[in-house]
Amino acid sequence: MDLSKLNDKQKEAVMHIDGPLLILAGPGSGKTRVLTNKIAYLIENNYAMPIQILAITFTNKAAKEMKDRVYKLVGKSAFDVQLSTFHSFGLRILRENYQELGLNKTFTIIDESDSLSLIKKILKDLNIDEKMLSPKYVKNRISSSKNSLIDVLEYSKYSKGDIEEKVYEIYKKYQELLIKNSSVDFDDLLFMPVKLFRKNKQILEAYQELFKYIFIDEYQDTNEAQYVLAKMIASKYQNITVVGDESQNVYSWRGANYKNILNFEKDYKNVTTILLEQNYRSTKTILNAANDVIKNNKERKEKNLWTNNDLGEKIKYIKATDEKDECRIVIEEIKKLNHKMELKDMVVLYRTNAQAQIIERTFLENNIPYKIVGAYTYYSRKEIKDLLAYLKLINNTKDDVSLIRCINTPKRGIGKKTIEDLELEAKRQNKSLFDVIKDGKEGTFKKIIENLIKAKDNISLTELVDLILTKTGMIDEYKKENTIESISRVENLNEFKSITKEFEEETGNISLEDFLLEISLVSDINENKSEINGVSLMTLHSAKGLEFDLVFVMGLEDGIFPHINSLDSLEELEEERRLFYVAITRSKEYLYLLNANTRLLFGSKTANPPSRFIKEIDEKYIEKDNIKEEFNIEDSFYEDEVFYEIGDQVYHETFKNGIVVSLDKDFVTIAFSRKYGIKKLMKNHKSLRKVW
């Protein structure tokens, strides 16, 4: 193998064969190149057969890119490497051991919305008012429990108080219904393999023997279930390579634990640690700014990014008068720089989705093409979810969730009362809804499904989709409506045949079971597939792993970025700083930091101080535009203090509107309505803000 294009540290990582290896890889340091070359090196030098290599990353897009790169290096051998996301790997384990887990071969993976529907049904059955206990809260509690490897029995030990006891009862019913429906949710794809391995040591040993070399990308983003799953399989041979950067962990709210990477050297003996600090993406100025910011975090491994790239342009810091002016400035700068680069090489980043609507409106008004990343996706559309429900039911008639979704779609006069009667009968007989249907309009529906089941084994997937669309009346219903929306729905349904066709051509497989399992894991692949040459608009969290020539970071004000919820917690503030570090390092050449004197957000006009993160960048890297000596203001301005004056109108989340009547160093005294009277409050508390 030719390793001449690798730098010394990259080469050292690739040629390390036995024992645990920790690669701390800064942004733009070529970690994917190292991982793919290391996999190829093992194969080419006969250290491992391709089937003995397990390589895991976090997104389908990253997995596909890695597989393509390995293929270029070793050819068809790449297809035998288990190179996938954690969830795809978990699915493989479930498919190979479905009987051990009490599942049918045709088990269904339910998505987020179906999971939520199931929880709503349970709440209704238990006579629990959704206003008293939010289905989304329950869903998050169950998801968090599974990702922390807490099953129903264990949850019962910790459930204290009325709310938690209700959640336990719902969790229990939820799991019972999943088993009855021969279904799993997305979290089970990680949770169930760990349970299986803990219960059956022989099965675990078989996987340990099979996968002698293990690679985990983005290790700082692993949650408890992912961490334990990797550790269990790696525990025998300990040939585990993990790659990551704790300074890019921004997903703690999803259960990710960056301490997994900080503790790697404690988890394994004789760990080799290699730092990839040379950056190939950004200018020296951008990297120096990133280093300036992240060094303020205490929970991190010491490293310093450097590059041989040019010094580059200074970072532009611009203060707008308000959110409209902020958007106008971005448009002006895009027009100025459009001759140097294409629109698709530019991105606008913002902390919350609430900021997006004014940005999008401004782009529309100025006729600048754009694409919103992470917006409403093809697979989330009603008509596509309806079609998928039919496919899932045809594959697994025990899937009550899918049956309820499609039994009256299009409308067949099957009302709630009929469904409730079916549910009671199914419960009485301990059968699926499909099994207890006999006659009536629901019987006609059952006959349609039975005919489609008979047909499915003798036709292609694409033909099956065509048959469903015609025999169920879905297409006809939308055609009759003849509105712009219904025409769009017809187009979306017909487009689904492109997906089945592509699956058939790529795999040579027409199995509905295999297609549904595949689609449940890759339904996010097309989210960002748009080839439009437009500026990308996205939240900061969506930007991780991407790079652009030009980056705008908007809304850099304390209370927006860093987010108001982080200001009282050092740990959460450090995560916000990591998010800013990620934002800075997305840029190759041009970086703009913007904020506003006042901002209309969530229906209120506020004035927040500039983000404390701006001040952490050395002044020599910044070109200030419309900034009035902000860097000379005392540090307290950038920490938690907001400036008030007597007579200022304010708004408090509990006490509502008020007027400032006196001030001292740390507190502000405010006269509220007669109901609340005069209150002395902390100046910097997140519940209080100025109103203009």
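FYI, side chains are in, hydrogens and waters are out, and symmetry mates aren't considered; it's all heavy atoms of this structure.
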Determine, using ring centers only, whether Y98 and F107 are less than 6.0 Å apart. no
Could you tell me how the ring of Y207 sits relative to the ring of F211: parallel (under 30°), tilted (30 to 60°) or perpendicular (over 60°)? parallel
May I ask you to decide whether R586 forms a salt bridge with E547, counting only side-chain N to carboxylate O separations under 4.0 Å? no
Any donor and acceptor pair, going by atom type alone, linking the side chain of E502 with main-chain N or O of I499 inside 3.5 Å? no
Validation row: R578, V582 side chains within 4.5 angstrom (heavy atoms): no
With heavy-atom distances below 4.5 Å as the criterion, would you say the side chains of I216 and T241 are in contact? no
Under the 3.5 angstrom rule, does the side chain of S148 hit a backbone N or O of I150 as a donor-acceptor pair? no
Test side chain to side chain donor-acceptor pair (under 3.5 Å) on K212 and Q238; report intermediate values, then the result. CA-CA 8 Å; K212 291 183 177 172; Q238 303 217 346; over 6 Å; no
Does the side chain of V138 come within less than 4.5 Å of Y171's, by heavy atoms? no
Chi angles and distances behind the side chain to side chain donor-acceptor pair (under 3.5 Å) call for S143, D187: CA-CA 6 Å; S143 178; D187 299 312; 2.8 Å; yes
Tightest non-hydrogen contact, residues E576 and H563, listed as OE1-N, 2.8 Å
What is the minimum heavy-atom distance between Y219 and N260, and which atoms define it? CE2-O, 3.4 Å
Checking side chain to side chain contact (heavy atoms under 4.5 Å, CB included) for the pair Y227/N257: CA distance, chi angles, key distance, verdict? CA-CA 9 Å; Y227 165 75; N257 186 359; over 6 Å; no
Flag the pair K160 and E165 as a salt bridge only when some basic side-chain nitrogen lies within less than 4.0 angstrom of an acidic carboxylate oxygen. no
Please examine the side chains of K120 and P135, heavy atoms only from C-beta on, and report whether any two atoms are closer than 4.5 Å. yes
State plainly whether the residues K31 and D245 are in salt-bridge range, i.e. N to O under 4.0 Å. no
Distance, nearest 0.5 Å, that separates OG1 of T273 from CG of L22: 4.5 Å
Do NZ/NE/NH1/NH2 and the carboxylate oxygens of E169 and K173 come within less than 4.0 Å? no
Donor-acceptor pairs under 3.5 Å, side chain of residues 194-201 to any protein atom, not counting sequence neighbours: which ones?
| residue | atom | partner | partner atom | Å |
| --- | --- | --- | --- | --- |
| N200 | OD1 | Q202 | N | 3.1 |
| N200 | OD1 | I203 | N | 3.1 |
| K201 | NZ | R198 | O | 3.3 |

Is a salt bridge present between E246 and K301, judged by a nitrogen-to-oxygen distance below 4.0 Å? no
When you measure from the side chain of N223 to the backbone N and O of A256, does any donor-acceptor pair fall under 3.5 Å? no
So E616 and K295, side chain to side chain contact (heavy atoms under 4.5 Å, CB included) or not? Walk me through it. CA-CA 9 Å; E616 293 173 354; K295 71 183 180 187; over 6 Å; no
Treating Y251 as the side-chain partner and H541 as the backbone partner, does any N or O pair qualify as donor plus acceptor under 3.5 Å? yes
Is K72 paired with D68 through a side-chain N to carboxylate O contact shorter than 4.0 Å? no
Checking Q248 against Y258 for the side chain to side chain donor-acceptor pair (under 3.5 Å) test, could you report, in this order, the C-alpha distance in whole Å, the side-chain angles of both residues, the deciding distance, and whether it holds? CA-CA 9 Å; Q248 293 187 71; Y258 68 92; over 6 Å; no
Mind checking whether N37 and L73 have side chains closer than 4.5 Å, heavy atoms only? yes
Any donor and acceptor pair, going by atom type alone, linking the side chain of D151 with main-chain N or O of L153 inside 3.5 Å? yes
Closer than 4.0 angstrom, basic N to acidic O: yes or no for K236 and E209? yes
R95 side chain to K105 backbone, donor-acceptor under 3.5 Å: no
Testing the 3.5 Å rule here: is there a donor-acceptor pair between the side chains of Q220 and E218? yes
Side chains of S235 and Q208: do they bring a donor and an acceptor to under 3.5 Å? yes
Is there a side chain to side chain contact (heavy atoms under 4.5 Å, CB included) between K544 and L579 once you walk through the steps? CA-CA 9 Å; K544 194 159 173 286; L579 194 54; over 6 Å; no
Testing the basics here: between I119 and Y174, what is the closest heavy-atom pair and its distance to 0.1 Å? CG1-CD1, 3.9 Å
At what distance, to the nearest 0.5 angstrom, does OG of S247 lie from CD1 of I294? 4.0 Å
Could you tell me whether K172 atom NZ has more than 12 heavy atoms of other residues or ligands within 6.0 Å of it? no
Quick one: which of T85, T57, T59 gives a side chain to side chain donor-acceptor pair (under 3.5 Å) with D217? T57
S29 and Q278 side chains, donor-acceptor separation under 3.5 Å: no
Does either side chain, that of S113 or that of D111, offer a donor lying less than 3.5 Å from an acceptor on the other one? yes
Y280 vs T307 side-chain heavy atoms within contact, under 4.5 Å: no
With a 4.0 Å cut-off on N to O distance, would you call E164 and K166 a salt bridge? no
With heavy-atom distances below 4.5 Å as the criterion, would you say the side chains of Q82 and S84 are in contact? yes
Fit a plane to each ring of Y168 and Y155, take the angle between them on a 0 to 90° scale, and name the class: parallel (under 30°), tilted (30 to 60°) or perpendicular (over 60°). parallel
Paired with I240, the side chain to side chain contact (heavy atoms under 4.5 Å, CB included) test is passed by just one of I214, L21, I233, D267, namely I214
Of all the heavy-atom pairs spanning T108 and N396, show the shortest one and how long it is. OG1-ND2, 3.0 Å
Please work out whether the ring planes of F613 and F580 are parallel, tilted or perpendicular, with thresholds of 30° and 60°. parallel
Any idea which heavy atoms bring P562 and L567 closest together, and the distance? CG-CD2, 3.8 Å
For a quick check under 3.5 Å, do D399 and N181 share a side-chain donor-acceptor pair by atom type? no
Any non-hydrogen side-chain atom of D80 less than 4.5 Å from a side-chain atom of M49? no
Go through the steps for L276 and V34 under the test side chain to side chain contact (heavy atoms under 4.5 Å, CB included), then give the verdict. CA-CA 10 Å; L276 300 184; V34 169; 3.9 Å; yes
Does anything in residues 10-49 pair up under ring-ring contact (aromatic ring centres under 6.0 Å, His included), and if so which pairs, sequence neighbours excluded? none
Exercise: identify the closest heavy-atom pair between I51 and L210: O-CD1, 3.7 Å
